[in-house]
Amino acid sequence: MTVPEVDARASECLELAVQLATRNVADGGGPFGAIVVTSDGAVHHGVNRVTRDNDPTAHAEVVAIRAAATAMRNFDLHGAVLYTSCEPCPLCLAAALWARIDRVYFAADRHGAAAAGFDDALFYEYFAGNQPELLPVAHRGIPSSVVPFDAWRSAQGKTAY
Ligand SMILES: Nc1nc2[nH]cnc2c(=O)[nH]1
């Protein structure tokens, strides 16, 4: 069942994300825009800044999540919604999970991104186990690997996340 007010808000927010994405292309950036609406109703913008900042992690969604967390002075964005011009890539989806965002709405999908030359769909294939050669990852369980976790478990006054 759909809730009309929620759906109206989603369309409006997605339109804004798409406008940010389009404007970002005119400004010399990638064609991605996102907003995070936090639990207090504030709207936090993000656009893709990868090439401008030489930061491969500066995807629109990540930039919006960082802006929201900074403004909220909290790494936990429980109660927030992410609206993005394009389906979050695995990096952006992981950022939303770590931020404890409640829900995600997207406009274009990974196949639209692929048609524009972006590897979002390919990286989903990697995580599905279908493209292992893209990035070989090896486990070497050296004995000291447990030391940081032991330190964490016994740390007093830590901030868990
Ligand atoms: N969803 C999304 N996919 C991307 N692929 C490359 N950059 C981006 C981005 O900023 N957002």
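Each ligand, and each atom within it, is numbered from 1 in the order the structure gives. For this chain, numbers begin at 1 and follow the sequence in order.
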The atoms of ligand 1 lying under 4.0 Å from a heavy atom of C89, numbered in the order shown, are 1 (N)
Counting from 1 in the order shown, the ligand 1 atoms closer than 4.0 Å to a non-hydrogen atom of P88 are 1 (N)
The atoms of ligand 1 lying under 4.0 Å from a heavy atom of F118, numbered in the order shown, are 6 (C)
* Side-chain contact, heavy-atom cut-off 4.5 Å: N48 with N24? -> yes
Margin query: Treating Y126 as the side-chain partner and L135 as the backbone partner, does any N or O pair qualify as donor plus acceptor under 3.5 Å?
Written below: yes
In ligand 1, the atoms that come under 4.0 Å of a heavy atom of C86 are 1 (N)
heavy-atom search around atom 5 (N) of ligand 1 in the protein gives D120 OD1, 2.9 Å
Closest to atom 9 (C) of ligand 1 among protein heavy atoms sits F32 CG, 3.3 Å
Ranked by distance from atom 1 (N) of ligand 1, the top protein heavy atom is E61 OE2, 2.6 Å
Contact (N/O only, under 3.5 Å) between N48 and ligand 1:
yes
So the atoms of ligand 1 within less than 4.0 Å of a heavy atom of E87 turn out to be 1 (N)
Closest non-hydrogen contact found for L20 with G33 is CB-CA, 4.2 Å
* **Expected output: side-chain D102 to main-chain G79 donor-acceptor under 3.5 Å** => yes
- Quick one: does A58 get an N or O within less than 3.5 Å of an N or O on ligand 1? no
Requested in this report: Take D55 and R66, measure what salt bridge (Lys or Arg N to Asp or Glu O under 4.0 Å) needs, and give me the verdict at the end.
Outcome: CA-CA 14 Å; D55 178 356; R66 286 178 184 155; 3.6 Å; yes
- Just do the ring-ring contact (aromatic ring centres under 6.0 Å, His included) check on F32 and F118 with the steps written out, would you? CA-CA 11 Å; F32 301 94; F118 292 92; 4.9 Å; yes
Correct closest heavy-atom pair for L82 and A96 would be CD2-CB, 4.2 Å
Query raised in the report: Is there a donor-acceptor pair under 3.5 Å between the side chain of D119 and the backbone N or O of L122?
Result: no
G30 near ligand 1, heavy-atom distance under 4.0 Å?
no
